[in-house]
A.B. asks: 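Right, I'll just put the structure down here and ask away after.
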Amino acid sequence: MATKQKKSVKKVASKKAPAAQYGYFDDAAKEYVLTTPATPIKWCNYVGTLNFGGIVDTTGGTLVCKGDPALNRITKYIAQMPCSDFKASTIYIRIKEAKGYKVFSPFVVPTLTKMDKWECHVGLSYMRWIAECCGLRTQVTIFVPTGSNTLLQDIQVTNLGGAAKEVDIIPVYEFSHFEAEKQLTNADWVPQTMTLKGHWEKDGHVVLEQYAYMKRDYAVNYVTANCKVGSFDGDRRVFLGANEMGSWAAPLSLGNKELSNSECDRGDNIAALMIHGGKIAAKKTFRCCTQLGQEQSLKVAAKAIAKYRDLKNVDKAFDELAKFWENYLSTIQVKTPDASFNTMVNVHNPRQCHTTKNWSRYLSLYQLGYGTSRGIGYRDSTQDLMGVMSHMPEEALVLTKNLISVQRPEGNAMHQYAPLALAEDNGNEANAGDSREKAGVKDAKGNPMYADWYGDDHLWIILTVASYLKETGKMDFLKEEIPFYVAGKKRKDRPKGTVLEHLKRALKFTREHLGKHNLPLLGFADWNDCMNLPLGAESTFNTALYAKALLEMMDIEEALGDKKAVEMYKGWYEDVKAAFNKSAWDGKWWTRWFDKDGNGYGVAKAKYGKIYCNGQSWPVIAGIAYGDRAKQGMDSLNKLLNTKYGVKSSTPGYRGFEPAVGGISTYPPGAKENGGIFLHTNPWVMIAETILGRGDNAFQYYNQINPASKNDILDVFESEPYCYPQNILGDEHKQFGMGRNAWLSGTSTWTYQAATQFIIGIRANYKGLVVDPCIPSKWDGFEATRKFRGATYQITVKNPKHICKGVAKMVVDGKEIDSNIAPIFTKGTHKVEVTLG
Ligand code: GLC
């Protein structure tokens, strides 16, 4: 059936955009090219993976970790320092002059030298700077070769013309203690243990070895270059000079021909290398490459060191990285009439999904990765995984299994785990998140006031596992045995269950934790971390997530052929649907929570927080709304929560701290969960609109938050235009439209799912590849390529009647089929022609 839709999204006045001031998208190179270092706030990119890698900011600062940002950090990047300050790494270029030297950094920071030309290319897991200054062009590329434990810095200095110039190149890293938080909180033990040694090789190469004393025999960091080195410094005090009255902007040691070859037996460990580029003639280039790595020992590192000392291998590694991305992105490519949709869907959004899959909410310029109070979030990563499931299902499976292994035998899950502790099997890898802090709070009668578990965590994994099964068809995964989490016990001593059993216990946990209205309990919090109502509160978000998980479970059981189980879960679904409709409808929209006394939150009569976004979108996603209520809820959302910069999570915001509601009221109105545009909620609105068949609405919601479209309003938005931030300030705030907390947000996975699976409408299921678009009615159609279970599907969708949704005809390899599910082929390239009507 075709669904035409009425225009119901509020019209937003559009101002004429000023010209972009900071940079532009180079779609052919799949880069964003920054043309000034003076970004409104710090911007960054990611290199490598969680196994080895981290953040590279746009002015050359690098935050590198191996396996765990909190427990195995390598470089000392202090994110709170001003943009203009040295942060963990830089390169100095030094030109010999008649008297002394001229020194500048191609990153601008920390010398702050004015450049004749400056570009920072934010690429797919690499950063490249092109800087022209003092008649030299410097090109620096930073990346981690795929699968390696090495950060490479490929440096090329070209004399642009005129007389030959004598040039030195001095790359520098500053090390952190491996326990990142200790570096900041302990100035006794930490410096006493930090050690840096220089190892000269016969041919003039040097390897600087760095470790915290206790790690000497099993985890050492090293810095070396492909070429001979004149000298080095390992002690920051010596390098900066005059007992650190010398600065990073102008290190005194750079006034001398050579550095001091200082080792560091304690103190602030750095690795500075003096690389003599010699006299570079006009139009000639000097090239060198540094390595920063971590291995068990220098002996183990020797192979990698030798490999990347050969520049041919450096080039090869860069090509391999490009191939990785080409292959990754080729899973889904679209060609629609909307250029900025194409840019996001084909490059930057799937790329961001790769980043959130790796770093969860652990390491960014906002989530600083100190201590283990964060970690890999259960709720966060289960959702992130769905954004990479089509591209790297087997890698996704590794993380999926880790998450399953921190589910408790009772069925609920630990809130987060520390990856290194998990790998070490130390019996204490997971924790209960913020809830553990409140778990001890008692009421006047001495009873606990808050739950020590979250109501949603364990339910997400059902969606994640279902997406793996649909993508791969590997149903046997359900039979694999994985332990449950019991604190203090080694994995071998914990009770085990099949994956299917884990999923069943998750549903059973919720089924057995219902409140007064027979709706799932909130626990310490649901998706909205900041609403912490005392014990006994119910959550309609958990209700809808539970219902959606039941739908997925019914499909799994159906695919397994267990009719009895399907019936049982159907019964549970109907029960919760009825309870929801009986109590949660407030008249024009859905209630969001009930406290233990049955008072509604997210209701018209409330003073603050009258209506919540997730409260309206999720009942549609879960299919639990009776009659017209689904549409009514979504229309109320549109009327009360939509703004030109996105949908607010609630309105109006609380006006001051209210201990009874907790975290949400710690923010001023319009910020984050308190009436801000918490972006993660927006793709759910898009998905709900596509389910209702309203493709024009869905697309407007998509465009409102598309960061690529904000490139012209960066003075308002401020955040990186090449990735979604977590939040944008809402219209109750003076800084309406300002984005914060870039990169690590569930917005990435869900907007990608909304775009590819619901707007474009191509999604895997147990029987094949579903094509069920819900597009803007003005589109004539679109084309897409999708790899699925070994085959490539070339899909063309035509929209002659200019509708939003409804497949009238599907032709696969020339034959009309009588559904909109293209069969599973396992190989070859197949043509799928779809006509809407
Ligand atoms: C943060 C948390 C996430 C939570 C969201 C909303 O992004 O990482 O788990 O769902 O805030 O409160």
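What's counted below: heavy atoms across the whole structure, side chains too, no hydrogens, waters or symmetry copies. Both ligands and their constituent atoms are indexed starting at 1 by order of listing.
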A.B. asks: Answer yes or no for Q383: is there a heavy-atom contact with ligand 1 below 4.0 Å?
C.D. replies: no
A.B. asks: Measure the distance from atom 11 (O) of ligand 1 to every protein heavy atom, then report the residue, atom name and distance (to 0.1 Å) of the closest one.
C.D. replies: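 Protein heavy atom with the smallest distance to atom 11 (O) of ligand 1: F678 CZ, 3.4 Å.
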A.B. asks: Quick check on side chain to side chain donor-acceptor pair (under 3.5 Å): which of D384, D529, D526 does R379 satisfy it with?
C.D. replies: D529
A.B. asks: Please confirm whether Y612 and W589 have ring centers closer than 6.0 angstrom.
C.D. replies: no
A.B. asks: Nearest to atom 12 (O) of ligand 1, what protein heavy atom do you find, and at what distance?
C.D. replies: E673 OE2, 2.5 Å
A.B. asks: Are the charged groups of E732 and R655 less than 4.0 angstrom apart, N to O?
C.D. replies: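 Result for this pair is yes, salt bridge flagged.
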A.B. asks: Please step through salt bridge (charged side-chain N to carboxylate O under 4.0 Å, His left out) for the pair K508 and E410, ending with a clear verdict.
C.D. replies: CA-CA 9 Å; K508 189 155 174 273; E410 290 80 356; over 6 Å; no
A.B. asks: Is it true that the side chains of T400 and T464 contain a donor and an acceptor less than 3.5 Å apart?
C.D. replies: no
A.B. asks: Quick one: which ligand 1 atoms are inside 4.0 Å of a heavy atom on R361?
C.D. replies: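 Result: 8 (O).
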A.B. asks: For atom NZ of K182, is the number of surrounding heavy atoms from other residues, nucleotides or ligands below 6.0 Å larger than 12?
C.D. replies: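 No, the 6.0 Å shell around NZ holds no more than 12 heavy atoms from other groups.
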A.B. asks: For atom 4 (C) of ligand 1, what is the closest protein heavy atom, and at what distance to 0.1 Å?
C.D. replies: W527 O, 3.2 Å
A.B. asks: Between ligand 1 and D380, is the shortest N or O to N or O distance under 3.5 Å?
C.D. replies: yes
A.B. asks: At a 4.0 Å threshold, what atoms of ligand 1 neighbour a non-hydrogen atom of R374?
C.D. replies: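 Under 4.0 Å from R374, ligand 1 has these atoms: 8 (O).
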A.B. asks: In ligand 1, which numbered atoms sit nearer than 4.0 Å to a non-hydrogen atom of N528?
C.D. replies: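 Reading through ligand 1 atom by atom, the close ones are 12 (O).
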A.B. asks: Can you tell me which residue and heavy atom of the protein come closest to atom 2 (C) of ligand 1, and the distance to 0.1 Å?
C.D. replies: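 Of the protein heavy atoms, D529 OD2, 3.6 Å lies nearest.
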A.B. asks: Should H680 be counted as touching ligand 1, given the test is an N or O pair under 3.5 Å?
C.D. replies: no
A.B. asks: Determine whether H458 and T510 satisfy the following criterion, side-chain hydrogen bond (donor to acceptor under 3.5 Å, both in side chains), listing intermediate values before the conclusion.
C.D. replies: CA-CA 9 Å; H458 55 284; T510 297; 2.8 Å; yes
A.B. asks: When you measure from the side chain of E538 to the backbone of L522, do you find a donor-acceptor pair of N or O atoms at a distance under 3.5 Å?
C.D. replies: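 Here the side-chain-to-backbone pair does not exist.
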A.B. asks: Starting from atom 1 (C) of ligand 1, find the nearest protein heavy-atom neighbour and note its residue, name and distance.
C.D. replies: Q726 NE2, 3.7 Å
